[in-house]
Amino acid sequence: MTQENIRVRIAPSPTGDPHVGTAYIGLINFLYARQRGGKFVLRIEDTDRTRFVSTSEDMIFDALKWLGLSWDEGPDVGGPFGPYRQSERTEIYREHAEILLANGTAYRCFCTPEELEASRKAQMAAKQPPKYAGTCRNLSPETIADHLAAGKPFTVRMKVPDGSTTFRDELRGEITFDHTNVDDQVLMKSDGFPTYHLANVVDDHLMQITDVIRAEEWISSTPKHVLLYDFFGWQKPRFWHMPLLRNQDKSKISKRKNPVSLVYYRQAGFLPDAVLNFLGLMGGGMPQEQFAAEKFSLEEMIQHFDVKNISLGGPVFDLTKLKWLNGEYLRALSAEGFYEALRSTILSDTYLKEIAALTQTRIETLGQFGNLTHFFFTDEVSPAPEVFLPKKRTIEETLAFVAEQITALEGCDWTTSGIEAALKQLGEAQSWSVKENFMLMRAIVTGSTMSPPLMESMVIFGKARTLDRVRRFLDAQKKAASQKK
RNA sequence: GGCGCCAUGGUGUAAUUGGUUAACACGUCGCCCUCUCAAGGCGAAGAGUUCGGGUUCGAUCCCCGAUGGCGCUACCA
């Protein structure tokens with residue numbers, strides 16, 4: 001038996017803050033590679049230009065480095081199978097789409113988004129499963145030539161044959177999908193970018209990935225991928241689908257119900273070792289006899305973790321337990337180490353300097369520094385209704401407005417002007433005065449009606465932490481409101 | 001709705017892969033320590049393994065069904 005060169009990858013999309021789910025899947029892949037002397041590849045899947053966030057890629061790099069999950073090949077370090085950014089590989093996908101077009105396993109589709117939407121609606125109304133109607137499946141060469149000559153935009157779809165696809169999931173065994181449930185997936189969008197399905201298969205093959213370890217949500221599209229490998233005549237990798245991290249209510253983990261940004265965990269003062277340890281607890285994987293206390297390092301995970309032991313129920317990401325674990329790591333630090341941890345995060349010079357600048361004209365003795373800035377250093381503030389509720393507003397409309405504020409903040413540039421513009425625009429649309437609008441936000445973020453400049457404070461406090469604070473406020477108030485009823 | 005995946009205390013996991021009083025960790029509660037609060041120590045409550053059928057001398061574990069949860073169902077990943 002020849003020694004197989006194990007190669008695995010994680011493929012995050014730069015669509016926002018780096019996600020705990022990425023860290024989780026990253027950890028599993030990292031361990032898998034390290035345990036087998038394989039390579040761990042980082043690939044950026046930036047094929048969706050509509051959701052692209054320019055700052056995202058660097059945040060992903062930083063977050064993974066912070067955790068200590070280093071990659072052997074990637075956009076920043078290069079490697080023999082680059083480029084590792086899909087937006088730089090469009091030519092490759094185009095060529096491969098041509099191959100499929102030529103061998104008859106794919107076809108051009110000239111349907112417009114509007115037509116597709118209408119068709120989908122009709123199917124839904126008729127209680128039919130929404131599926132591509134196949135309008136362009138068998139166009140004559142002449143029609144295609146005409147459309148092309150007319151410059152009509154088109155997509156490339158895969159031509160799913162009759163039958164069924166069975167593949168092996170390393171954790172679950174064989175899974176079969178009847179092709180009546182596999183749609184003629186778009187492979188190339190009309191903007192010339194590939195969809196995930198094409199890019200993922202092409203890259204995994206070209207990058208010689210041996211094991212695709214990804215989240216469970218991909219199971220239903222795996223038949224499409226398997227079909228594509230067959231269309232190309234390529235050898236398939238092994239598939240491992242990891243359970244999805246969950247909110248308390250068991251739904252797929254989401255920012256609405258849980259902090260999911262790694263930036264948040266970092267800024268809120270979690271230690272990377274604790275986060276990694278906690279992630280390693282999700283789904284099991286570590287032998288319990290040897291680690292009954294459930295505390296272990298990355299090195300110990302490399303030594304003892306076994307992907308095959310992952311249990312398939314979706315684990316609830318329990319912040320309470322993460323905090324306990326983090327506390328354990330904090331206590332294990334030397335006094336000096338603990339102080340250093342503080343100084344490099346929540347009491348860093350840069351953080352302190354930025355905060356100090358806001359207070360100089362607002363205090364009369366240095367001893368008052370804390371009075372004005374405590375909210376920068378606490379995990380939560382809980383303003384009473386007298387503080388946050390505008391005089392002429394009901395609690396219901398206020399909370400509804402806060403929900404809107406969250407949405408506005410999520411989408412804005414995290415600068416003073418960006419925040420101000422987003423909030424003002426929302427206020428105007430909803431007929432909230434600037435004063436009501438900003439005072440409410442001030443109360444939620446600082447816990448008080450008196451504070452340093454709001455926008456500056458929010459910028460310094462950080463997007464991830466600010467949003468978490470506002471979301472938690474909303475959540476708590478909603479609960480309080482519903483209990484009253 | 002269709003298709004798929006999953007199912008052990010409130011939460012995360014164990015149970016020589018058919019034989020245990022179902023174990024450990026978090027959380028909760030109580031006691032001790034203590035100027036307070038944590039930490040730490042000790043202890044307790046909490047699941048008869050979603051339910052119903054099978055197979056078996058015997059099922060947490062194997063099979064079938066039901067129920068429930070989750071995911072997918074885009075020119076998003």
Side-chain angles (χ1 to χ4, degrees), chain A residues 11-16 19 21-22 44-52 86 109-117 120 123-132 153-157 164 167 169 171-173 175-183 185-200 214-224 241-253 277-295 309-325 327-328 330-332:
Chain A
S13 287
T15 53
H19 200 275
T22 303
I44 295 293
E45 308 230 331
D46 54 351
T47 56
D48 184 356
R49 71 194 196 303
T50 62
R51 293 204 305 159
F52 180 76
Q86 293 189 325
C109 171
F110 296 92
C111 297
T112 66
E114 294 72 31
E115 288 166 351
L116 294 172
E117 182 59 26
R120 193 175 303 125
Q123 287 170 328
M124 301 273 266
K127 295 198 171 165
Q128 296 293 312
K131 227 188 139 186
Y132 179 59
F154 63 90
T155 62
V156 175
R157 287 179 183 273
S164 67
F167 62 90
D169 175 283
L171 261 17
R172 292 157 242 260
I175 300 176
T176 300
F177 282 82
D178 193 284
H179 288 181
T180 50
N181 300 307
V182 182
D183 208 358
Q185 185 60 233
V186 169
L187 263 20
M188 291 291 284
K189 303 179 243 183
S190 55
D191 65 1
F193 278 84
T195 58
Y196 170 85
H197 307 283
L198 209 223
N200 155 73
R214 64 199 343 176
E216 193 179 2
E217 55 189 333
W218 292 108
I219 290 179
S220 356
S221 42
T222 304
K224 291 169 185 169
H241 294 277
M242 306 303 294
L244 246 21
L245 264 22
R246 310 292 181 92
N247 296 313
Q248 298 268 353
D249 64 5
K250 297 278 187 180
S251 55
K252 167 174 154 181
I253 197 166
N277 188 155
F278 180 69
L279 255 15
L281 246 21
M282 303 279 88
M286 283 295 271
Q288 206 186 45
E289 319 80 64
Q290 289 168 68
F291 297 95
E294 302 197 333
K295 284 179 275 186
N309 285 150
I310 288 292
S311 68
L312 271 10
V316 170
F317 190 92
D318 182 7
L319 215 47
T320 306
K321 188 156 183 176
L322 206 207
K323 281 185 189 162
W324 162 77
L325 241 193
E328 289 288 304
L330 246 24
R331 274 171 240 122

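Throughout, a chain's letter reflects where its sequence line sits, starting with A, and its residues are numbered from 1. Not measured: the values here are computed from a predicted model.
- Residue-level contact check: P315(A) touches the backbone only, with heavy atoms under 4.0 Å from sugar-phosphate atoms and none from bases.
- Glycosidic conformation of rG48(B) is syn; the angle stays within 90° of 0.
- Put simply, CG on D183(A) is 10 Å from P on rU73(B), counting in whole angstrom units.
- As judged by a 4.0 angstrom heavy-atom cut-off over every strand, N309(A) is placed among residues touching the sugar-phosphate backbone only.
- Between N181(A) atom CG and rC72(B) atom P there is a gap of 16 Å when expressed in whole angstrom units.
- Comparing rG2(B), rC5(B), rA77(B) by their closest approach to the side chain of T195(A) singles out rA77(B).
- Distance from the side chain of M282(A) is smallest to rG12(B) among rC5(B), rC76(B), rG12(B).
- The aromatic rings of F110(A) and F154(A) sit tilted relative to each other, their planes meeting at an angle between 30° and 60°.
- The side chain of R51(A) contributes no N or O atom lying less than 4.0 Å from OP1 or OP2 of rA77(B).
- Contact check, S220(A) against rC5(B): no side-chain N or O comes under 4.0 Å of OP1 or OP2.
- Nucleic acid contact class of P14(A) (heavy atoms, under 4.0 Å, all strands): none.
- Between K252(A) and A292(A), the residue anchored closer to the 5' end of RNA chain B is A292(A), taking for each the nucleotide with the nearest heavy atom.
- In this structure, CD on E216(A) lies 9.0 Å from CG on D169(A), to the nearest 0.5 angstrom.
- T155(A) comes within 4.0 angstrom of a nucleotide base, judged by non-hydrogen atoms across all strands.
- Nucleic acid contact for L325(A): none, since no nucleic acid atom lies under 4.0 Å from a heavy atom of the residue.
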Once base and sugar-phosphate atoms are separated, protein heavy atoms under 4.0 Å mark nucleotides 39-48 of chain B, 5' to 3', with B, S and - as SS--------
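- Heavy atoms of T50(A) sit nowhere under 4.0 angstrom from any nucleic acid atom.
- In terms of polar N and O atoms assigned as donor or acceptor, the side chain of E294(A) comes within less than 3.5 Å of the base of rG12(B) in a complementary pairing.
- Residue Q248(A) qualifies as open at atom CD: its count of foreign heavy atoms under 6.0 Å is 12 or below.
- Contact between R214(A) and N200(A) at its shortest, heavy atoms only, is NH2-ND2, 3.7 Å.
- Of the candidates rG1(B), rA77(B), rG71(B), rA77(B) carries the atom nearest the T47(A) side chain, counting heavy atoms from C-beta on.
- F193(A) does not carry R49(A) over the face of its six-membered ring by the limits of under 6.0 Å from the centre and within 45° of the normal.
- In this structure, C109(A) reaches neither bases nor backbone, as no heavy-atom distance under 4.0 Å exists between it and the strands shown.
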So what is the 5' to 3' dot-bracket string for RNA chain B, if pairs are Watson-Crick or G-U wobble with both distances under 3.5 Å, crossing pairs use [ ] and | means the partner sits on another strand?
(((((((..((((.....[...)))).(((((.......))))).....(((((..]....))))))))))))....
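- Contacts of F291(A) with the nucleic acid, taken as non-hydrogen atoms under 4.0 Å apart, are absent.
- For P130(A), the side-chain atoms get nearest to rU73(B) when compared with the rest of rA77(B), rU73(B), rA25(B).
- For the OP1/OP2 pair of rC75(B) and a distance below 4.0 Å, the side-chain nitrogens and oxygens of R157(A) include at least one atom meeting the criterion.
- Distances shorter than 4.0 Å separate some side-chain N or O of R120(A) from OP1 or OP2 on rC75(B).
- The base of rA25(B) is not paired with the side chain of K295(A) by any donor and acceptor separated by under 3.5 Å.
- Residue H179(A) contributes atom NE2, which lies 14 Å from atom C1' of rG4(B) at whole-angstrom precision.
- No N or O donor and acceptor, one from the side chain of E217(A) and one from the base of rC72(B), sit under 3.5 Å apart.
- Listed by chain and residue number, nothing satisfies the ring pair (Phe, Tyr, Trp, His ring centres under 6.0 Å) test with F167(A) (two or more places apart in sequence, or in another chain).
- Contact between the side-chain N/O atoms of K250(A) and the OP1/OP2 oxygens of rG68(B) is not found at any separation under 4.0 Å.
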